[in-house]
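Notes follow once the structure below has been shown.
Only a predicted model underlies this, so the values are computations on that prediction, with no experimental measurement involved. Just so we're on the same page: letters track the sequence lines, and every chain starts at 1.
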There are 2 protein chains.
Amino acid sequence: MRKGAETRERLLSIAEAAILAKGFGATSIEELIAEADITKSGFFYHFKDKTELARALVHRYLEQDEILLDNLFKRARELNDDPLHAFLVGLKLLAEMMADLPEGHPGCLVATICYQERLFDKDIHDMTQGGVLAWRERFVALLQEISEIYPPNDDVDMEEVADFISTIVEGGIIMSKALREPKKLAAQLMILRSYIKLLFSPRLA
Amino acid sequence: MRKGAETRERLLSIAEAAILAKGFGATSIEELIAEADITKSGFFYHFKDKTELARALVHRYLEQDEILLDNLFKRARELNDDPLHAFLVGLKLLAEMMADLPEGHPGCLVATICYQERLFDKDIHDMTQGGVLAWRERFVALLQEISEIYPPNDDVDMEEVADFISTIVEGGIIMSKALREPKKLAAQLMILRSYIKLLFSPRLA
DNA sequence: GCAAATACAGTACCGTCGGTACAGTTTAAT
DNA sequence: ATTAAACTGTACCGACGGTACTGTATTTGC
């Protein structure tokens, strides 16, 4: 039914924000139902336990993330036919998107889960690992296309460079939070852009 | 007294490992005292509450971290007089150190705390922010020295490049955990090394 | 060698939370 | 009107964080 899915989504959004701000273990079901204005029974109607909430949360997060990245790099490609320039535009669009978040990036669910490994079962860890591997595949494909036209100026494994992008996003989020500089993530993405430029620029070498 | 400090250190080590694996909120005092083989009274003798435990943990962590980085980059400098090569050697030493951890990096306390902000007071956030700023200062000094000899091949703010190093470490830890590849952090540090090489290499330009 | 601080142990208690169980009720689709 | 969906209400358990306070063995300074 429609209304059920709506409540479920509201619960997921509230839970995601709470978990990113306090951690999974410190997030009580009671505070979630208080904010969602439903009863405990209502919560357990949608999720049989806290673990299932986590599973649903990760599933939704990775799905939304994929859609966002799809759109972003598709737009970047439409603006520019050259794969290198398209990628550089994509990184800039991503940085701008991050810079536009007034409170900074709320945090990555994958990172939260990694830093609370013992609270989650194999299923969830498989999901987060799969998410990161999907990022890798996406970026490897883009980088491969670039390196066929622009031979890289350093002997690096393209899979590592692909993971480097995720590394900067994850690290940049932490730096933003730790330094309380919401724009730090965007600035760090621009340094990544600098690396990609130097790595593939034909003017050098 | 000697014995008290010893118990305190043991408690801190146990707590650090537990918090990095389960998060602060999900780490119970009871499990800590069970592993340390003391009573609840013993715990509250050393720390008046959980918050003071966190404070002590961060303090110790940042202190140990500073000593480690001091030694590492001092050694790198002794091996090489040129600031750029010394820095590249330092990054390699760091990568090797990370690669030598059989279970991978246990995690960074600063990152854990960032992803559980609402559980900690301003004091602790000031401490973690101070820690990250100390990293920035350290790396800015090293990079400044390099850039005076080797003009950078791209127009980037050295403060951002300094933060980039911390970003890679924080992000690399998460990638290692998420992918369950203990050596991922080391590999990502080598990509950072590739960037530093390209940024300052005089053969390019 | 003695007082005093240190470093705990023991016990008891409170409120909160995750989770279970199950019966009852409203809402919406067909 | 029927039926499934989407809840509410109530009651209860065990574990845990935290408080409080008393007692005691062990050092250490003097």
Side-chain angles (χ1 to χ4, degrees), chain A residues 1-58 60 109 112-113 116-121 123-124, chain B residues 1-60 112-113 116-121 123-124:
Chain A
M1 308 254 165
R2 263 274 305 292
K3 203 195 166 197
E6 212 176 283
T7 308
R8 198 183 136 98
E9 281 298 306
R10 226 175 64 245
L11 269 173
L12 285 173
S13 294
I14 292 169
E16 184 172 320
I19 287 167
L20 288 174
K22 310 173 48 182
F24 186 71
T27 298
S28 72
I29 294 179
E30 304 228 335
E31 73 175 284
L32 300 180
I33 63 176
E35 204 178 327
D37 202 44
I38 57 166
T39 62
K40 214 177 211 178
S41 312
F43 177 88
F44 285 106
Y45 171 76
H46 289 287
F47 309 100
K48 77 167 201 219
D49 56 21
K50 232 183 159 189
T51 304
E52 203 178 287
L53 170 70
R55 218 188 310 274
L57 227 40
V58 176
R60 194 184 72 144
L109 263 189
T112 308
I113 288 167
Q116 278 131 311
E117 1 168 29
R118 292 270 164 261
L119 300 183
F120 303 98
D121 54 28
D123 268 31
I124 289 186
Chain B
M1 309 257 165
R2 265 274 307 293
K3 203 195 168 198
E6 211 176 284
T7 308
R8 199 183 136 96
E9 282 298 307
R10 225 174 64 245
L11 269 173
L12 286 173
S13 294
I14 292 169
E16 185 172 320
I19 287 167
L20 288 173
K22 309 172 50 182
F24 187 71
T27 298
S28 73
I29 294 179
E30 304 228 337
E31 72 176 286
L32 300 180
I33 63 177
E35 204 178 328
D37 202 43
I38 58 167
T39 62
K40 217 177 208 181
S41 314
F43 176 88
F44 284 106
Y45 170 75
H46 289 287
F47 310 100
K48 77 169 198 217
D49 55 22
K50 232 182 161 191
T51 305
E52 205 179 285
L53 170 69
R55 218 189 310 275
L57 267 176
V58 176
H59 186 262
R60 192 183 74 144
T112 308
I113 288 167
Q116 277 129 314
E117 3 169 27
R118 292 268 164 263
L119 300 183
F120 303 98
D121 54 29
D123 268 31
I124 288 186

Checklist line | Residues forming a salt bridge (charged side-chain N to carboxylate O under 4.0 Å, His left out) with B:Lys22, sequence neighbours excluded | finding: B:Glu31
Item checked: Nucleotide-resolved protein contact map, nucleotides 13-18 of chain C, B/S/- at heavy-atom distance under 4.0 Å -> ----SB
Tabulated below should be each protein N or O lying under 3.5 Å from an N or O of nucleotides 22-24 of chain C; please produce it.
none

Note to self: Testing the basics here: between A:Gly25 and B:Ala26, what is the closest heavy-atom pair and its distance to 0.1 Å?
What the structure shows: CA-CB, 3.9 Å
Item checked: Side-chain N,O (B:His46) to OP1/OP2 (C:dC8) below 4.0 Å -> yes
Notebook entry, point to check: Is there a donor in the side chain of A:Ser13 and an acceptor in the side chain of A:Arg60, or the other way round, less than 3.5 Å apart?
Noted result: yes
Item checked: Axial bend angle, the helix from C:dG1-D:dC30 to C:dT30-D:dA1: five-pair end segments, nearest 10° -> 30°
Notebook entry, point to check: About how many Å separate CD1 of B:Ile19 and CG of B:Leu12, when rounded to the nearest 0.5 Å?
Noted result: 9.5 Å
Margin query: Do B:Thr39 and B:Ile33 have side chains that approach each other closer than 4.5 Å (heavy atoms only, starting at C-beta)?
Written below: no
Margin query: If the condition is side chain to side chain contact (heavy atoms under 4.5 Å, CB included), which residues does B:Asp37 pass it with, not counting sequence neighbours?
Written below: none
Note to self: Just verifying a value: how many Å separate A:Glu9 CD and A:Glu16 CD, rounded to the nearest 0.5 Å?
What the structure shows: 10.0 Å
Margin query: Nearest 0.5 angstrom please: A:Phe44 CZ to A:Leu53 CG, how far?
Written below: 10.0 Å
Next item on the list: With rounding to the nearest 0.5 Å, note down the distance linking CZ in A:Phe43 to CD1 in A:Ile29.
Entry: 4.0 Å
Next item on the list: Mind checking salt bridge (charged side-chain N to carboxylate O under 4.0 Å, His left out) for A:Arg10 and listing every partner two or more places apart, or none if nothing turns up?
Entry: none
Note to self: Side-chain N or O of B:Tyr45 versus OP1/OP2 of C:dA7: is the shortest distance under 4.0 Å?
What the structure shows: yes
